[in-house]
Amino acid sequence: SKTSTGLAFALKDDADAPTTIGLTSARNKAFVEGLELYDRAMTYDAVEAIYASLPTLIVVLAGYGPLLGALQKRLGANLQKSVGVGLTHWEQGPTHADIIAERSTFFFVPDHIDKRMADWGTQGFFDKSGAFLQRSFQDSQRWMAINELAGLSSLEAVYEGVLNGKRPAEEGIVITL
């Protein structure tokens with residue numbers, strides 16, 4: 001997920017950030033390690049190997065209920081919060097019997113933007129977010145290959161692969177209409 005990569009970049013850029021683990025598919029593990037943004041990359045099937053005795057925050061991008069449930073069950077009382085940002089596995093649903101609902105929430109970007117604008121002022125928000133976007137854009141050039149396509153037929157040609165996670169992780173697709 002490009003969103004998780006952006007978050008990892010922001011955390012790596014923050015000297016006060018906690019240790020990060022990029023949890024990914026076996027197919028993408030080498031790619032995630034090669035980003036050099038996470039302290040550690042692990043595959044989805046390695047949940048039982050996650051060190052569970054530290055207070056932990058989960059940022060959920062996939063939303064795959066059985067995996068999230070297993071991870072939350074593993075962390076137990078040390079799960080501080082589980083924040084949903086995305087739902088790439090929407091067809092499997094974000095629910096599971098082991099999900100700890102009272103420690104789970106959804107991150108709604110417009111609310112966060114409103115809060116930051118109130119905290120920093122409009123110009124402060126644009127200055128800080130613009131500077132971050134510039135730094136992350138520059139960093140992404142070392143690993144992302146932009147695939148520029150044109151027209152709805154191009155969108156149709158790649159849509160299924162994007163939807164099913166079959167496109168290369170290092171690919172950024174730009175479609176002009």
Side-chain angles (χ1 to χ4, degrees), residues 1-14 17-76 78-101 103-109 136-137 139-149 154-175:
S1 155
K2 304 303 185 281
T3 304
S4 64
T5 303
L7 175 58
F9 176 81
L11 291 169
K12 187 165 181 79
D13 200 38
D14 182 349
T19 299
T20 58
I21 297 173
L23 199 57
T24 190
S25 66
R27 180 178 75 107
N28 288 328
K29 185 176 183 225
F31 170 76
V32 170
E33 288 171 333
L35 291 171
E36 298 179 353
L37 295 174
Y38 297 94
D39 295 303
R40 186 172 176 199
M42 298 177 74
T43 58
Y44 297 135
D45 61 353
V47 167
E48 290 302 315
I50 289 178
Y51 191 62
S53 64
L54 294 174
T56 302
L57 165 72
I58 301 171
V59 179
V60 181
L61 289 130
Y64 180 53
L67 174 65
L68 184 56
L71 185 55
Q72 288 191 12
K73 183 177 181 180
R74 169 89 176 135
L75 295 168
N78 282 316
L79 173 65
Q80 302 300 296
K81 187 170 273 208
S82 180
V83 181
V85 175
L87 197 58
T88 59
H89 289 82
W90 57 270
E91 72 281 1
Q92 290 128 344
T95 60
H96 191 268
D98 290 325
I99 290 177
I100 305 168
R103 287 186 249 158
S104 299
T105 187
F106 194 78
F107 180 84
F108 187 58
V109 173
S136 63
F137 167 75
D139 183 70
S140 71
Q141 290 180 333
R142 71 183 170 83
W143 60 266
M144 189 180 334
I146 302 295
N147 185 359
E148 295 184 48
L149 305 170
S154 294
L155 172 60
E156 186 177 7
V158 298
Y159 178 77
E160 196 72 30
V162 171
L163 185 64
N164 294 315
K166 302 296 183 193
R167 302 297 300 190
E170 67 276 3
E171 179 183 45
I173 301 172
V174 176
I175 299 174

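Computation of the quantities below employed the complete heavy-atom set of this structure, encompassing side-chain atoms and omitting hydrogens, waters and symmetry-equivalent molecules. When a residue number appears, it is its place in the shown sequence, counting from 1.
- To the nearest 0.5 angstrom, Q72 atom CD is 12.0 Å from K81 atom NZ.
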Output, in order, the C-alpha distance, side-chain angles, deciding distance and verdict of side chain to side chain contact (heavy atoms under 4.5 Å, CB included) for L7 and T3. CA-CA 6 Å; L7 175 58; T3 304; 5.9 Å; no
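- By the 6.0 Å contact criterion, NZ on K2 is enclosed, its count of non-hydrogen atoms from other residues, nucleotides or ligands being greater than 12.
- Atom CD of E48 and atom CG of L71 lie 9.5 Å apart (nearest 0.5 Å).
- In this structure, the side chains of T56 and I50 stay at 4.5 Å or more apart for every pair of heavy atoms.
- Within the 4.5 Å cutoff, no side-chain heavy atoms of L149 are placed close to those of V174.
- Applying the 6.0 Å contact sphere to CD of Q141 captures more than 12 heavy atoms from other residues, nucleotides or ligands.
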Between I58 and L79, is the side chain to side chain contact (heavy atoms under 4.5 Å, CB included) condition met? List the steps. CA-CA 8 Å; I58 301 171; L79 173 65; 3.6 Å; yes
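- Residues Y38 and I21 have side chains not in contact (no heavy-atom distance under 4.5 Å, counting atoms from C-beta outward).
- Once rounded to the nearest 0.5 Å, the distance linking OG1 of T19 with CG of L54 reads 8.0 Å.
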Would you please test L37 and D139 for side chain to side chain contact (heavy atoms under 4.5 Å, CB included) and show each step? CA-CA 10 Å; L37 295 174; D139 183 70; 4.1 Å; yes
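- Side chains of S82 and L68 form a contact here, defined as non-hydrogen atoms less than 4.5 Å apart.
- Atom OH of Y44 and atom CZ of R27 lie 10.0 Å apart (nearest 0.5 Å).
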Does the pair I175 and V158 meet the rule for a side chain to side chain contact (heavy atoms under 4.5 Å, CB included), with working shown? CA-CA 10 Å; I175 299 174; V158 298; 4.1 Å; yes
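- In this structure, Y159 places its OH atom where only 12 or fewer heavy-atom neighbours from other residues, nucleotides or ligands lie under 6.0 Å away.
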For a quick test of your reading: what N or O donor-acceptor pairs under 3.5 Å do the side chains of residues 163-171 make, sequence neighbours left out?
unit_1: N164; atom_1: ND2; unit_2: E160; atom_2: O; d: 3.1
unit_1: N164; atom_1: ND2; unit_2: E160; atom_2: OE2; d: 2.9
unit_1: R167; atom_1: NE; unit_2: E171; atom_2: OE1; d: 2.8
unit_1: R167; atom_1: NH2; unit_2: E171; atom_2: OE1; d: 3.2
unit_1: R167; atom_1: NH2; unit_2: E171; atom_2: OE2; d: 2.8
unit_1: E171; atom_1: OE2; unit_2: N147; atom_2: ND2; d: 2.7

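- Across every non-hydrogen atom of T43 and A26, the tightest pair is CG2-CA, 3.6 Å.
- To the nearest 0.5 Å, atoms CE (M42) and CG (L23) are separated by 7.0 Å.
- Summarising the geometry, atom CZ belonging to F31 is positioned 9.0 Å from atom OG1 belonging to T24; distances are rounded to the nearest 0.5 Å.
- Taking both residues in full, the closest heavy atoms of R74 and A52 are given as O-CB, 3.3 Å, listed atom of the first, atom of the second, then distance.
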